[in-house]
Protein chains: 2
Amino acid sequence: MGRKRLQESADGRPTVHTVAARAGVSIASASRVLNGVGGSPETIRKVRAAAAEVGYVPNAIARSLQSQRTGLIALAVEDIGNPVYVEMMRAIESVVAASGRQLLVHATGGQIANETALLRRLAHRYVDGMIVSPIRVTDDHLAALVDSPVPVVVVGQLGADAPVDNVRTDSRAGVGLAVDHLVAAGRRRIGFVNGPLDTVPGAARDAGFRVALAGHRIDLDERLVEVGDFRYAAGRAATERLLARARPDALVCANDLIAVGALHALLAAGHRVPGDVAVVGMDDTELARMMFPQLSSVSLGSAERGHRAAELLLQRIADPSLPPRREQVPPSLAVRASSAADDMTDPNLPAPRTPEVTA
Amino acid sequence: MGRKRLQESADGRPTVHTVAARAGVSIASASRVLNGVGGSPETIRKVRAAAAEVGYVPNAIARSLQSQRTGLIALAVEDIGNPVYVEMMRAIESVVAASGRQLLVHATGGQIANETALLRRLAHRYVDGMIVSPIRVTDDHLAALVDSPVPVVVVGQLGADAPVDNVRTDSRAGVGLAVDHLVAAGRRRIGFVNGPLDTVPGAARDAGFRVALAGHRIDLDERLVEVGDFRYAAGRAATERLLARARPDALVCANDLIAVGALHALLAAGHRVPGDVAVVGMDDTELARMMFPQLSSVSLGSAERGHRAAELLLQRIADPSLPPRREQVPPSLAVRASSAADDMTDPNLPAPRTPEVTA
DNA sequence: TTGTAAGCGTTATCAA
DNA sequence: TTGATAACGCTTACAA
């Protein structure tokens, strides 16, 4: 070790020892004063003075080693560029902050390896718990979740009986809401722009779409189905491919980013929305309301799911012996201008002086 | 202590002691094998087996206390819902990941207290360094930055000679680019929708707007200036207020979120863009390209700034004795459909079948 | 190669 | 109230 119990840390910063020595008291007394527990007025004064003089800052790592907690909660999501995760994050943050902890976010990029690596690192005690929203789930991944050293709550679908706290929605039913709405509005050539089928949400939404159409006894024209990824550019490109070979009168999109891409593709190709083609997105993010026309969207209760996930996590941190729990948040549909039955402009907007807009 | 050097941790999880005892070797040998340094074939076998049997997972906190590093880098931004930070984050993440570290993001909500608290916590050693992009800077805040126990790099304007690594742009000049462009396109009644003036970027952009107009010998009509915050809803509301009292032929917006709000307000009020009113945003985020018509926007090189900031941080972590450095990234203008001189649709788009769009 | 023991910076115990 | 000392779980000299 060479250096024998000096009074400053390896990198030259003051430690409790520095403060104690300077104040002429034991490290125990110094620590007590620094933590506001006990100490005679005189001791308190000396220690505080010494700490201020040397610019003492406690080492959180050392403190955590002792206390077995860091006060940090992590949220791991696939794509932080997707506003749905921002909304979820805000909901989680409010719960986490209220408990006196801090939220850290990690974008995994949807790569399994990345997410597993995260668990294998952060979860190794840098955080007191984590909330993970995976879009692909392998056995490996599930195993990592199950025997994580810190509590984990999963937002999203998970294998049948995985012993992990889990908050889910029913995106199959969510797609159904969109289809029902469009059919009720008289649309029949309903297209679907989805994300990758090898993802959990992608697969669920595909299934939901097919089931919903069947429920209305509408034969699915496969040319009306196109797949990209869950982001804007892919949504727009996928819609362009779809439009090149088919004539939908409505488009259901697997999320709002895709829906925005679809809207752009439609408008750029000269289609009227919703006049020629109605558009319904999914996730009901702020983005849907930012568009013109505003996008109808199926809410999957992301904020609510985030809120619940955070509460489940805090409960489990408080009592790790709780049995695994599962909660479900139902989807709902927000109808806006992009699928309004009568092609009127957005009712949420002030009356336009003229409905004609050249873009 | 009650418990006298047991073989498992306080919460019942296995430790090196557990593994060592089970393998019948010393904790030193166990540690060596677990870290892949040394150990006879036989020892390696026994330790690995024992570790697997008990499901050993190293305690990262303890390891960090010893190694004085966590391999974690934090990024603190004001509003993670702003795509400009997402782009910055992606650039940072790539550099950080390449160095074998992980990036964590923290949204401060722009509240000073929050950001300072973050520094006072994360910076106390949970991370090896942080990148902060504050929009408000007080002396207190600056002091916290300066004597942070871990290296900090600031993205954004900072007091003249603060001894902190700093990557900035020139948003004053950036606003100038927008104004120059609009004036060149024949616009004269140029309005400005800004964020709060008590923020660093808000103040800089306001100054830039006034200087730019003066440079063109255009008298500023104060009715053409409106302030909200840096988000969509405020941008839209601010634009509605502005439109209620004035008739701009162009609108410069302090960021893309505001610009999207302005675009929505204009279209909803029946104005043609860019026919009646040209719109130029700022930050040149993906959002600008998602709009229809696509928004012109002043790039402040956010990705580049993020990239540089990350490199400065890694350098400083490697050598804390480096003198404070300051780098600057110049702004540039991306002209798109929303301010195209001839009111044509976006040249980036495939030829529309008809330019008339009813929304 | 192996084990003993010191040390990372902190807090908690316990006797004085 | 105070101080000496033992943890927290890990890595790493150093000696064997």
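Proteins get letters first, then strands, A, B, ... in listed order; numbering begins at 1 in each.
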In whole angstrom, give the distance that lies between atom [atom1] of [X] and atom [atom2] of [N].
X: A:Gln68; N: C:dA12; atom1: CD; atom2: P; value: 12 Å
X: A:Tyr126; N: D:dG9; atom1: OH; atom2: C1'; value: 12 Å
X: B:Leu65; N: C:dC8; atom1: CG; atom2: C1'; value: 4 Å
X: A:Ile27; N: C:dT13; atom1: CD1; atom2: P; value: 15 Å
X: A:Gln66; N: C:dG7; atom1: CD; atom2: C1'; value: 15 Å
X: B:Leu34; N: C:dT2; atom1: CG; atom2: P; value: 14 Å
X: A:Asn35; N: C:dT10; atom1: CG; atom2: P; value: 10 Å
X: B:His17; N: D:dA7; atom1: NE2; atom2: P; value: 11 Å

How far does the helix from C:dT1-D:dA16 to C:dA16-D:dT1 bend, going by the axes of its first and last five pairs, to the nearest 10°?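 For the helix from C:dT1-D:dA16 to C:dA16-D:dT1, the axes at either end differ by 40°.
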B:Ile131: which of B:Val154, B:Leu313, B:Val96, B:Val152 passes side chain to side chain contact (heavy atoms under 4.5 Å, CB included):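 Of the listed residues B:Val154, B:Leu313, B:Val96, B:Val152, the side chain to side chain contact (heavy atoms under 4.5 Å, CB included) partner of B:Ile131 is B:Leu313.
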Nearest 0.5 Å please: distance from the [atom1] atom of [X] over to the [atom2] atom of [Y].
X: B:Ser133; Y: B:Met89; atom1: OG; atom2: CE; answer: 13.5 Å
X: B:Arg90; Y: B:Ser302; atom1: CZ; atom2: OG; answer: 12.5 Å
X: B:Asp128; Y: B:Leu72; atom1: CG; atom2: CG; answer: 7.0 Å
X: B:Gln328; Y: B:Arg305; atom1: CD; atom2: CZ; answer: 10.0 Å
X: A:Asn82; Y: A:Ile135; atom1: CG; atom2: CD1; answer: 9.5 Å
X: B:Leu103; Y: B:Met130; atom1: CG; atom2: CE; answer: 10.5 Å

Any [X] side-chain N or O less than 4.0 Å from OP1/OP2 of [N]:
X: B:Ser9; N: D:dG9; value: yes
X: B:Ser31; N: D:dT11; value: yes
X: B:Thr15; N: D:dG9; value: no

For DNA chain C, which residues in residues 40-62 of chain B have a heavy atom at a distance below 4.0 Å?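 Per residue number, the list reads B:Ser40, B:Thr43.
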Okay, side chain of B:Thr70, backbone of B:Tyr126: is any donor-acceptor separation there less than 3.5 Å? yes
Spell out yes or no: do the side chain of B:Arg32 and the base of C:dG3 have one donor N/O and one acceptor N/O closer than 3.5 Å? yes
Could you point out which residue of B:Gln315, B:Arg326, B:Arg325 forms a side chain to side chain donor-acceptor pair (under 3.5 Å) with B:Asp165?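 Testing B:Asp165 for a side chain to side chain donor-acceptor pair (under 3.5 Å) against B:Gln315, B:Arg326, B:Arg325 leaves exactly one candidate, B:Arg325.
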